[in-house]
Amino acid sequence: MSFINYSSREINCKIVYYGPGLCGKTTNLQYVYKKTNPDQKGKLISLATETERTLFFDFLPLALGDIKGFKVRFHLYTVPGQVFYAASRKLILKGVDGVVFVADSQIERMEANIESLEDLRINLGEQGYDLDKLPYTVQYNKRDLPNVAPVDSMNKLLNPRNVPHFEGIAVTGPGVFETLKNVAKQVLIELKKHY
Amino acid sequence: MSGSDLIMYEEEFSRIDDELQRLYVQTNAKVVFLVDKNGQLIASAGETRDIDTTSLASLTAGNIAATGGIARLLGEKEFTILFHEGEKDNIHISLIGQRVILVVIFDKRSSLGLVRLRVKKASEALVKIFNDITTKSEKEKSVDSFDESPFAEISDEDIDNLFR
Ligand SMILES: Nc1nc2c(ncn2[C@@H]2O[C@H](COP(=O)(O)OP(=O)(O)O)[C@@H](O)[C@H]2O)c(=O)[nH]1
Ligand SMILES: [Mg+2]
């Protein structure tokens, strides 16, 4: 649910980064935060446990610029990946405008990727959303590691609809902005269709 | 996008603004603000300069969502009022018409009783305004008469420019 304010001339959109625990969702936001001008970003808020695992969500507001005189803001959220935080994940998907699925490219995490993707579909469904109709981008993260699955086979497995997908190394940055830019673009194109 | 997009027009925005200003004055609060359930700040009144309202909005919505989750587990529909007491400042959070969240931050210049009373009044007025907004945006959508729409002519270039 985007929030369009004709009075203050602002558009706010919500983008959620989803994926299994430790795939690099928080790292994506940290990189975006690090590389964005101070005047374009708010605080990066992390509700994390003492061991820095996301407990509820991370939140990063970005004010990127103007389109036709409207200030465009994206609110980026991540969900906690661990299985037992299912309830929190559902809450964060409320009102989502676009989804990034961050997959962990390590071969031994394929099972976890599949599970998380199914969880995403179910949770979206419960809120009345259909993943096939939402702005949606996939990121194959951790491409720097030695034990990664080939992108082709990951794409067959996790992205049969072949939505836009990017290889990422969130710790150092490659793919992070490409992913964000792609999903943001889809969100704005969707807005254009409706208003 | 779902049909629940919130579209705010000049007229309703200024009505909301008036309502928040009134509440701010009447409760002697530090800050009053209104957030949608998804964590986006709608409007505010008071000493907002030193407060990170964007973060506050997102966390407040998270708070309401989490307690809403707890409520459902207990078989309650929703907790409509939350109150947090601090050493200096207190925060009163209330859910309005199932869709927006009204937050009042106050200190000892005010009191919980006063805030409660005034929030109740303001809520009624705000519910009405939001109903008007819903009616209006449905009407606008159906007649497709949105000559002011900034989105109709968005180009790829506009979008690319955002990420320069
Ligand atoms: N080698 C490598 N490690 C990564 C990459 N992205 C994230 N990590 C690491 O993976 C761990 C979990 O990342 P985090 O962002 O907290 O995962 P989250 O649970 O999805 O939020 C951290 O130690 C990160 O430094 C990457 O692209 N390559
Ligand atoms: Mg995390």
Legend entry - Heavy-atom pair with the smallest gap, counting every atom of B/Ile42 and A/Asn5: O-ND2, 4.3 Å
Inset, instruction - Please examine the side chains of A/Arg73 and B/Thr54, heavy atoms only from C-beta on, and report whether any two atoms are closer than 4.5 Å. - result: no
Inset, instruction - Heavy atoms only: give me the nearest B/Leu59-A/Ile45 pair and the separation to one decimal. - result: CD1-CD1, 3.7 Å
Inset, instruction - Examine whether an atom of B/Asp52 lies under 4.5 Å from a heavy atom of chain A, and if so say whether it belongs to the side chain, the backbone or both; otherwise answer neither. - result: side chain
Inset, instruction - Please answer: with hydrophobic residues joined when any side-chain heavy atoms are less than 4.5 Å apart, are A/Tyr140 and A/Val99 in the same cluster? - result: yes
Legend entry - Distance, nearest 0.5 Å, that separates CE of B/Met8 from CZ of A/Arg9: 14.5 Å
Legend entry - Flag if over 12 foreign heavy atoms under 6.0 Å of CZ, A/Arg161: yes
Legend entry - Residue, of B/Gly39, B/Gly68, B/Ser14, B/Ser55, that accumulates the most heavy atom pairs under 4.5 Å with chain A: B/Ser55
Inset, instruction - To the nearest 0.5 Å, tell me how far A/His75 NE2 sits from B/Gln40 CD. - result: 5.0 Å
Legend entry - Verify same cluster id: B/Leu23, B/Phe33 (apolar side-chain graph, 4.5 Å): no
Legend entry - Heavy-atom side-chain proximity of B/Asn38 to A/Val96 below 4.5 angstrom: no
Inset, instruction - Verify the cluster assignment for B/Phe130 and B/Val104: are they in a single hydrophobic cluster under the rule of side-chain heavy atoms below 4.5 Å apart? - result: yes
Legend entry - Atom pair CD/CG of A/Gln40 and B/Leu162 - distance to nearest 0.5 Å: 9.5 Å
Inset, instruction - Against chain A, work out which of B/Ala66, B/Ser58, B/Gly62 has the most heavy-atom pairs shorter than 4.5 Å and name it. - result: B/Ser58
Inset, instruction - Verify the neighbour count for atom CZ of A/Arg143: are there more than 12 heavy atoms of other residues, nucleotides or ligands below 6.0 Å? - result: yes
Legend entry - A/Glu111 atom CD: more than 12 heavy-atom contacts under 6.0 Å: no
Legend entry - Value rounded to 0.5 Å, distance of CG in A/Leu91 from OG1 in B/Thr67: 9.5 Å
Inset, instruction - Determine whether A/Ile169 and A/Val176 fall in the same hydrophobic cluster, where Ile, Leu, Val, Met, Phe, Trp and Tyr are linked whenever their side-chain heavy atoms lie under 4.5 Å apart. - result: no
Inset, instruction - Decide yes or no for A/Ile4 and B/Tyr9: does some side-chain heavy atom of the first lie under 4.5 Å from some side-chain heavy atom of the second? - result: no
Inset, instruction - Kindly work out whether a path of hydrophobic side-chain contacts (I/L/V/M/F/W/Y, heavy atoms less than 4.5 Å apart) joins B/Phe83 to B/Val115. - result: yes
